[in-house]
Amino acid sequence: MRADAKNAAAVAALERLLGSGERWRDMATFLEERLSAVQDPAGRVLLGVRLAVIREEQLGDEEGALGALSQVLAVDANDPAALQRLASL
C-alpha cells in the first residue's frame with residue numbers, strides 16, 4: 001500500500017512537471033503508457049479523456065484525440081465527457 005502511494009505521488013509530480021513545462025508530446029506519451037497499464041475501467045476512462053484533450057487542444061492532433069476517445073468509448077460507451085468531446089471534434 002505504501003509503495004502504491006509513493007508511485008501515485010511520483011506520477012502526479014511527473015504530470016505536473018510535464019504540464020507546467022508545456023511538454024505536451026511527452027505528456028501524451030506518458031498518458032498513453034499509463035493507459036496501456038491501467039486495468040481499472042474508471043481509470044482508463046479518465047486517462048483516455050485527458051489524453052484526448054491534450055491531443056486536440058495542445059497538439060492539434062484530432063486523429064489522435066479520436067483514437068483516445070475510441071478507447072474510452074470501448075470501455076464506457078455512454079461516458080458523457082467522451083461523448084461531448086467527440087461531438088466537438
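The chain is numbered in sequence order, starting from 1. Just so we're clear, the structure is a prediction, and the values are computed from it rather than from any experiment.
With contacts defined as side-chain heavy-atom distances shorter than 4.5 Å, the pair L83/L69 does not qualify. The side-chain heavy atoms of L86 and L66, taken from C-beta on, include a pair separated by under 4.5 Å.
Across all their heavy atoms, I54 and A28 have their closest contact at CG2-CB, 4.4 Å. V72 and A82 make their closest contact through CG1-CB, 3.5 Å (heavy atoms, listed as atom of the first residue, atom of the second, distance). For A52 against A65, the heavy-atom pair with the smallest separation is O-CB, 3.5 Å. Across all non-hydrogen atoms, the minimal contact from V75 to V45 is CG1-CG2, 3.8 Å.
The CG atom of D26 sits 9.0 Å away from the CG atom of L14 when rounded to the nearest 0.5 Å. Atom-to-atom distance recorded for F30:CZ and L35:CG is 12.0 Å, nearest 0.5 angstrom. Expressed to the nearest 0.5 Å, how far CG of L47 lies from CD of Q71 amounts to 10.5 Å.
Within the structure, the side-chain hydrogen bond (donor to acceptor under 3.5 Å, both in side chains) test picks out the following pairs touching residues 33-46 (sequence neighbours left out): E15-R34.
The 12-atom threshold is exceeded at CD of E57, counting heavy atoms of other residues, nucleotides or ligands nearer than 6.0 Å.
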What verdict does the side-chain contact (heavy atoms from CB on, under 4.5 Å) test give for E63 and E56, after you've listed the backbone C-alpha separation in whole Å, the side-chain angles of each residue and the deciding distance to 0.1 Å?
CA-CA 8 Å; E63 187 175 321; E56 178 189 1; over 6 Å; no
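With sequence neighbours excluded, no residue forms a salt bridge (charged side-chain N to carboxylate O under 4.0 Å, His left out) with D76.
Residue M27 is tested with L18, L59, L17 for a side-chain contact (heavy atoms from CB on, under 4.5 Å); the sole match is L18.
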